[in-house]
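Quick notes on the structure that follows.
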Amino acid sequence: MNLPSDYALRKAQLVAQCDLERLRLRFALGQIRDTLTAPVATPQPTVWAVPVAATLLSLALPSLGMRRVKGVVQMLSLALNSYRVLIRLRVLSAGAAPASQVSPASKTY
C-alpha cells in the first residue's frame, strides 16, 4: 500500500527531475545559440580565387541566365553554411562528456 509520504517523495523526485531536465535543455540551447552566433573567422581569399570566380560567372551568366545562377549561388551558400554549422557542432560534441560519464542522479526510473 502506498502511503501519502511515498506519494510526496515521488512527487518531489519528479519535480527535481523536471528541474534538472529544464536546466539541461537551457544549457543545450545556449550552446546551440553560441555556436550559431559565434563570429566566423573568414579566411582571406587566395590570389587566384577572385579571377576564377569571375571567369566562372562570366561563362555561366550568358548560358544559364541570371535567375538560375542566382539560385545556384544561393544553394551553394546554404550548403557551405550548413557545413560550417555541422563542423562546429562536431567540435562541441567532441568536448562533451561521453554518455558513460553521466551522473546516476540524471537517470530516469
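Because only heavy atoms are used, hydrogens play no part in the values below, and waters and symmetry mates are left out as well, while side chains stay in.
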If hydrophobic residues (ILVMFWY) are linked whenever their side-chain heavy atoms come closer than 4.5 Å, directly or via other members, who joins [X] in its cluster?
X: Leu9; answer: none
X: Tyr7; answer: none
X: Phe27; answer: none

message = Suppose we screen for side chain to side chain contact (heavy atoms under 4.5 Å, CB included). Which residues come up paired with Leu89, at least two apart in sequence or across chains?
response = Thr35, Val85

ask   = Can you name the residues that form a side chain to side chain contact (heavy atoms under 4.5 Å, CB included) with Leu14, not counting sequence neighbours?
value = Arg10, Gln17

Can you give the donor-acceptor pairs under 3.5 Å from side chains of residues 47-58 to other protein atoms, not counting sequence neighbours?
unit_1 : atom_1 : unit_2 : atom_2 : d
Trp48  : NE1    : Thr46  : OG1    : 3.3
Thr55  : OG1    : Pro51  : O      : 2.8
Ser58  : OG     : Ala54  : O      : 3.3
Ser58  : OG     : Thr55  : O      : 2.7

query = Who passes salt bridge (charged side-chain N to carboxylate O under 4.0 Å, His left out) against Arg22, sequence neighbours left out?
reply = Asp19

Determine all donor-acceptor pairs shorter than 3.5 Å in which one atom belongs to a side chain in residues 69-80; sequence neighbours excluded.
none

